[in-house]
Amino acid sequence: YGSDPEVAALAGRIALRHGDYAWADSLLRDAAAASGSDPALDYLVAVASYVQGDSGGAERLASALPVQGFAEAEEAKRFLVMLKVLEAGQADGALVEEGDVEAGSRLRFPATMVKARGLAEAGETKEALELYEGLLAASPAFVPAAEASAALYVDVLDDAERARKPALQAREARPDDPRVAALLGRVLYKEGEIPYATRLLSEAVQQVPDDAMSRYYLGRCYQESGKSVQAKAMLEKAISLAPDAEWVDAARTVLAEIGE
């Protein structure tokens with residue numbers, strides 16, 4: 001496309017519609033940089049960024065868009081609302097309209113994530129996993145689906161083996177994310193890789209001190225390593241932070257064993 005931003009923008013739109021997300025991201029970024037202020041292009045860059053796994057960058061771009069004045073303005077508002085709902089850990093199926101999750105839709109990825117989270121919260125784990133894995137098949141770089149599927153495998157299905165690949169994928173893409181460190185730490189604990197799990201869970205707790213689940217699993221790692229004093233302190237703190245969590249009975253059992 002040479003240096004013509006209009007050609008790059010057109011090629012980027014076509015690549016985005018046909019699922020060549022990495023190429024679309026590159027083309028649209030080049031076009032937006034060369035075009036200056038163009039909210040329609042900036043919105044497409046936000047979409048491509050999200051599909052490539054940069055949810056934070058996508059939200060920043062979408063938040064900076066004007067609320068009107070370009071053809072995709074209403075769709076861009078819905079895109080931003082979906083991203084904010086997902087970031088807040090919520091699921092609102094009313095946000096998803098017919099056609100949003102279809103291939104070629106610019107809202108496909110956030111809309112499918114919202115739909116999958118709703119299914120997961122309703123206990124329809126298999127159906128949610130199918131949606132997450134469909135997104136990963138379309139865009140292997142889409143970290144939100146990798147993280148979500150790994151969490152379902154390890155925390156709901158207790159299948160650390162199936163959780164390992166997407167959890168490692170998420171860690172590779174987001175090496176500084178404490179939530180991802182905690183997730184991979186839980187997976188590795190359940191697979192018996194205690195030293196590596198201890199390091200990751202310690203990292204998560206240092207960055208998010210009130211992460212009760214990570215404190216619980218870190219306490220279990222200390223227990224497995226024969227560090228009873230550290231295990232006791234970590235488990236007691238975990239219980240104080242989340243006294244109604246599903247792992248509390250197991251934590252109390254370990255504490256009783258340490259006290260014997």
Side-chain angles (χ1 to χ4, degrees), residues 49-60 83-84 86-90 113 116-117 120 125 128-129 132-133 135-136 139-227 229-242 245-248 250-251 254:
S49 296
Y50 183 68
V51 174
Q52 287 294 102
D54 185 8
S55 51
E59 186 171 333
R60 286 191 295 273
L83 264 57
K84 288 184 176 294
L86 289 165
E87 179 60 28
Q90 300 168 353
M113 288 295 294
R117 180 168 289 171
T125 304
L129 283 169
Y132 290 138
E133 289 168 358
L135 293 179
L136 284 170
S139 176
F142 188 53
V143 177
E147 182 183 352
S149 62
L152 283 181
Y153 276 124
V154 72
D155 296 328
V156 178
L157 299 180
D158 198 24
D159 189 343
E161 183 178 356
R162 294 286 295 275
R164 186 184 184 98
K165 181 179 178 180
L168 285 169
Q169 180 181 342
R171 175 67 175 180
E172 182 178 358
R174 294 181 181 170
D176 300 319
D177 188 330
R179 188 170 61 189
V180 172
L183 172 61
L184 182 55
R186 297 197 302 276
V187 172
L188 295 174
Y189 166 78
K190 291 189 175 185
E191 289 208 309
E193 297 186 34
I194 303 303
Y196 190 13
T198 301
R199 180 166 68 83
L200 289 168
L201 292 163
S202 296
E203 178 184 316
V205 167
Q206 286 169 6
Q207 294 185 63
V208 187
D210 61 352
D211 182 350
M213 182 183 283
S214 289
R215 286 186 176 275
Y216 165 69
Y217 279 102
L218 182 55
R220 296 300 302 265
C221 286
Y222 285 144
Q223 176 208 16
E224 293 286 343
S225 303
K227 299 178 179 179
V229 174
Q230 294 96 320
K232 182 174 184 294
M234 196 61 61
L235 292 170
E236 288 176 341
K237 182 63 175 178
I239 293 170
S240 71
L241 288 169
E246 61 183 13
W247 39 259
V248 164
V254 174

Participant: Say you draw a straight line from CG of L235 to CG of L218; how long is it, rounded to the nearest 0.5 Å?
Facilitator: 8.5 Å

Participant: List the atom pairs, with distances to 0.1 Å, where a side-chain N or O of residues 193-200 and a protein N or O form a donor-acceptor pair under 3.5 Å, not counting sequence neighbours.
Facilitator:
| from | atom 1 | to | atom 2 | distance (Å) |
| --- | --- | --- | --- | --- |
| E193 | OE2 | R164 | NH1 | 2.7 |
| E193 | OE2 | R164 | NH2 | 3.2 |
| T198 | OG1 | I194 | O | 2.7 |

Participant: Report the residues that fulfil salt bridge (charged side-chain N to carboxylate O under 4.0 Å, His left out) with E224, sequence neighbours left out, ordered by chain and then residue number.
Facilitator: none

Participant: Give, for atom CE of M213 and atom CG of L183, the distance between the pair rounded to the nearest 0.5 Å.
Facilitator: 10.0 Å

Participant: Would Q169 and V143 count as a side-chain contact (heavy atoms from CB on, under 4.5 Å) if you check the C-alpha gap in whole Å, the side-chain angles of each, and the deciding distance to 0.1 Å?
Facilitator: CA-CA 7 Å; Q169 180 181 342; V143 177; 5.7 Å; no

Participant: I need the minimum non-hydrogen distance between E203 and A181, along with the two atoms involved.
Facilitator: OE2-CB, 3.6 Å

Participant: What heavy-atom pair brings A145 and Y132 nearest, and what distance separates the two atoms?
Facilitator: CB-O, 3.6 Å

Participant: For L136, is there any backbone N or O sitting under 3.5 Å from a side-chain donor or acceptor partner on S139?
Facilitator: no

Participant: State which residues pass side chain to side chain contact (heavy atoms under 4.5 Å, CB included) with A233; sequence neighbours excluded, sorted by chain then number.
Facilitator: none

Participant: Only counting residues at least two apart or in another chain, list the ones meeting side chain to side chain contact (heavy atoms under 4.5 Å, CB included) with E87.
Facilitator: E59

Participant: Roughly how far, to the nearest 0.5 Å, is CD of E147 from CE of M113?
Facilitator: 8.0 Å

Participant: Check I239 against A251 and note the closest heavy-atom contact, atom names and distance.
Facilitator: CD1-CB, 3.9 Å

Participant: List the residues meeting side chain to side chain contact (heavy atoms under 4.5 Å, CB included) with A58, not counting sequence neighbours, and say none if there are none.
Facilitator: S49, Y50, F79, L83

Participant: For R60, what residues pass the side-chain hydrogen bond (donor to acceptor under 3.5 Å, both in side chains) criterion, not counting sequence neighbours?
Facilitator: none

Participant: How close do L184 and A167 get, heavy atom to heavy atom, and via which atoms?
Facilitator: CD1-CB, 3.9 Å

Participant: Determine which pairs satisfy side-chain hydrogen bond (donor to acceptor under 3.5 Å, both in side chains) with at least one residue from residues 209-218, sequence neighbours left out, and list them in order.
Facilitator: D211-S214, Y216-R220

Participant: Taking side chain to side chain contact (heavy atoms under 4.5 Å, CB included) as the test, write out the residues that go with E172, two or more places apart.
Facilitator: none

Participant: Please evaluate residues D159 and V154 with respect to the criterion side-chain contact (heavy atoms from CB on, under 4.5 Å), reporting the C-alpha separation (whole Å), side-chain torsions for both, the decisive distance (0.1 Å), and the verdict.
Facilitator: CA-CA 5 Å; D159 189 343; V154 72; over 6 Å; no

Participant: Which heavy atom in A204 sits nearest to a heavy atom in A182, and how many Å separate them?
Facilitator: CB-CB, 3.8 Å

Participant: Any idea which heavy atoms bring V187 and A163 closest together, and the distance?
Facilitator: CG2-CB, 3.8 Å

Participant: Measure the NZ-CD distance between K232 and E236 for me, rounded to the nearest 0.5 Å.
Facilitator: 3.5 Å

Participant: Output all residues satisfying salt bridge (charged side-chain N to carboxylate O under 4.0 Å, His left out) with D155, sequence neighbours left out; order by chain, then residue number.
Facilitator: R186

Participant: Considering residues at least two apart in sequence or located in another chain, which fulfil the salt bridge (charged side-chain N to carboxylate O under 4.0 Å, His left out) criterion with D177?
Facilitator: R174

Participant: Count the heavy atoms belonging to other residues, nucleotides or ligands that lie under 6.0 Å from CD of Q90, then report whether that count exceeds 12.
Facilitator: yes

Participant: Going from OG on S202 to OH on Y222, what distance comes out if it is rounded to the nearest 0.5 angstrom?
Facilitator: 4.0 Å

Participant: Can you list the residues that meet the salt bridge (charged side-chain N to carboxylate O under 4.0 Å, His left out) rule with D158, with sequence neighbours excluded?
Facilitator: K190

Participant: Dump the intermediate steps for side-chain contact (heavy atoms from CB on, under 4.5 Å) on L135 and V51, then the final yes or no.
Facilitator: CA-CA 9 Å; L135 293 179; V51 174; over 6 Å; no

Participant: Would you please name every residue forming a side-chain hydrogen bond (donor to acceptor under 3.5 Å, both in side chains) with K165, sequence neighbours left out?
Facilitator: none

